[in-house]
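Below is one structure, written out as structure tokens, with a few remarks after it.
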Amino acid sequence: MAAPTSPVDMLANLFGPGAEAAEIAVPGRVNLIGEHIDYHNLAVLPMALQRRIRIAFRHRSDSRIRAASAGGFALREFDWTARLDPSPQGDWANYLKAAAQAVAGKWGPGRGIDAAVVSDLPPAAGLSSSSALLTAFTLALLRANGIRATFEELMEVLPEGEYFVGTRGGGMDHAAVLEARAGAALLIRFAPLSAGPVPVPAGWSFLVAHSLTHAEKSGALMAEYNSRRTAGARALRKLGFDSYAALIAAHDWDSLKGLTAQLNEEEARCCLHVAGESLRVHTAVRAMRAADADAFASALNDAHSSARDLLRISCPALDALVDAARAAGAPAARLTGAGFGGCAVIFCMAGERARIRAALMRGFYASRAGFDEAQHLIDAEPSAGALHL
Ligand code: GLA
């Protein structure tokens, strides 16, 4: 991957000279554990990455929004009105419109911007490049209009804004890319929302490795993602609970398993994944606080099995990647993000990371086409979210 150009230079090239540009940076995130449970209002544990989306922008005096992104996302422009019609599915303008709509829904439409976007965050990898773009553009529009939004206010509008693009995700990605702290994972709770750092113990480290199967969330993957969500919600309704938190509090594992006998097979699998994953998140948090690498690793490994066998969101390339990482000596590896492709997160001791990297290059990537080390194999440093950069 070529070094990203400066967004400020790109802005000047695109729109000519003008007033000094403002800049916003929003990182990607990798989820350590807690997959497909944020939308059921259960706690999750991601961390922000050092890879970011950067936007340089200048406000305008009218309501026009114009933006282009390096990496082949051509210029898009529209007038910022209270109700925006979506562009065709898959068009990146939808992320810009989603941001404009999210801001307009709470604060009303304002003056537009000219913007240039640059990113070193691999797209469609399960690292939240799309939520980072939505978040970055939202922050740019707010700043251009002199609005200071709190974390809670942003969390009211951002996950909702994502629906404009067609996904029905939860709030994990936006919370992580906004509120994470350097050197820590972020424990995010929902209903009520809270987010607090869990420091990564000294000597622990993470790698993010791409399966080379592309998980394009605005494509066919969306239907798969949404079907897991609706099966889990149906299961909950049939069991007579209005939240997974209440279901988990009322039943131990064995009685929950018995209860799922009244569900259809898909609902039972999804329900058991959600409940089990929630318990694993709390185990992993306790393990991280106690610097217990074995307990942390086994929670992550179990999370992969559950995602593969119960929720069925893995794919052969992800399973092979996870196996290769463990064969290379990593204590844990699991798919991360929405699944169906994208990345695995690999947990290891810092002193082992370079060796595991090299083993993956030989054992997994050497035989596969399309590998680009800078995009597909990332040393993940727990980084600050956009509100703390
Ligand atoms: C996507 C969604 C998140 C979350 C994950 C799965 O990244 O945007 O809200 O549901 O999938 O854990």
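Start at 1 and go down the list; that is how both ligands and their atoms are numbered. The first residue of the sequence shown is numbered 1, and numbering continues consecutively from there.
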Which of the numbered atoms in ligand 1 are under 4.0 angstrom from any heavy atom belonging to [X]?
| X | value |
| --- | --- |
| Glu35 | 6 (C), 12 (O) |
| Arg29 | 7 (O) |
| Met172 | 4 (C), 5 (C), 12 (O) |
| Asp173 | 1 (C), 2 (C), 3 (C), 7 (O), 8 (O) |
| Tyr39 | 10 (O) |

Honestly, for His174 the part within reach of ligand 1 (heavy atoms, under 4.0 Å) is neither

Under 3.5 Å, N or O to N or O, is [X] touching ligand 1 that way?
| X | result |
| --- | --- |
| Gly170 | yes |
| Asn31 | no |
| Ser131 | no |
| Asp38 | yes |

Is [Y] paired with [X] through a side-chain N to carboxylate O contact shorter than 4.0 Å?
| X | Y | answer |
| --- | --- | --- |
| Arg64 | Asp62 | no |
| Asp302 | Arg280 | no |
| Arg52 | Asp120 | no |

Does the separation of the ring centres of Phe15 and Phe57 fall below 6.0 angstrom? no

Taking all non-hydrogen atoms of both residues into account, name the closest pair between Pro122 and Leu127 and its distance. CG-CD1, 4.1 Å

Which pair of heavy atoms, one from Cys271 and one from Thr260, lies closest together, and at what distance? SG-CG2, 4.0 Å

For residues 374-389, which residue pairs qualify under salt bridge (charged side-chain N to carboxylate O under 4.0 Å, His left out), counting only residues two or more places apart or in two chains? Arg353-Asp379, Arg353-Glu381, Arg357-Asp379

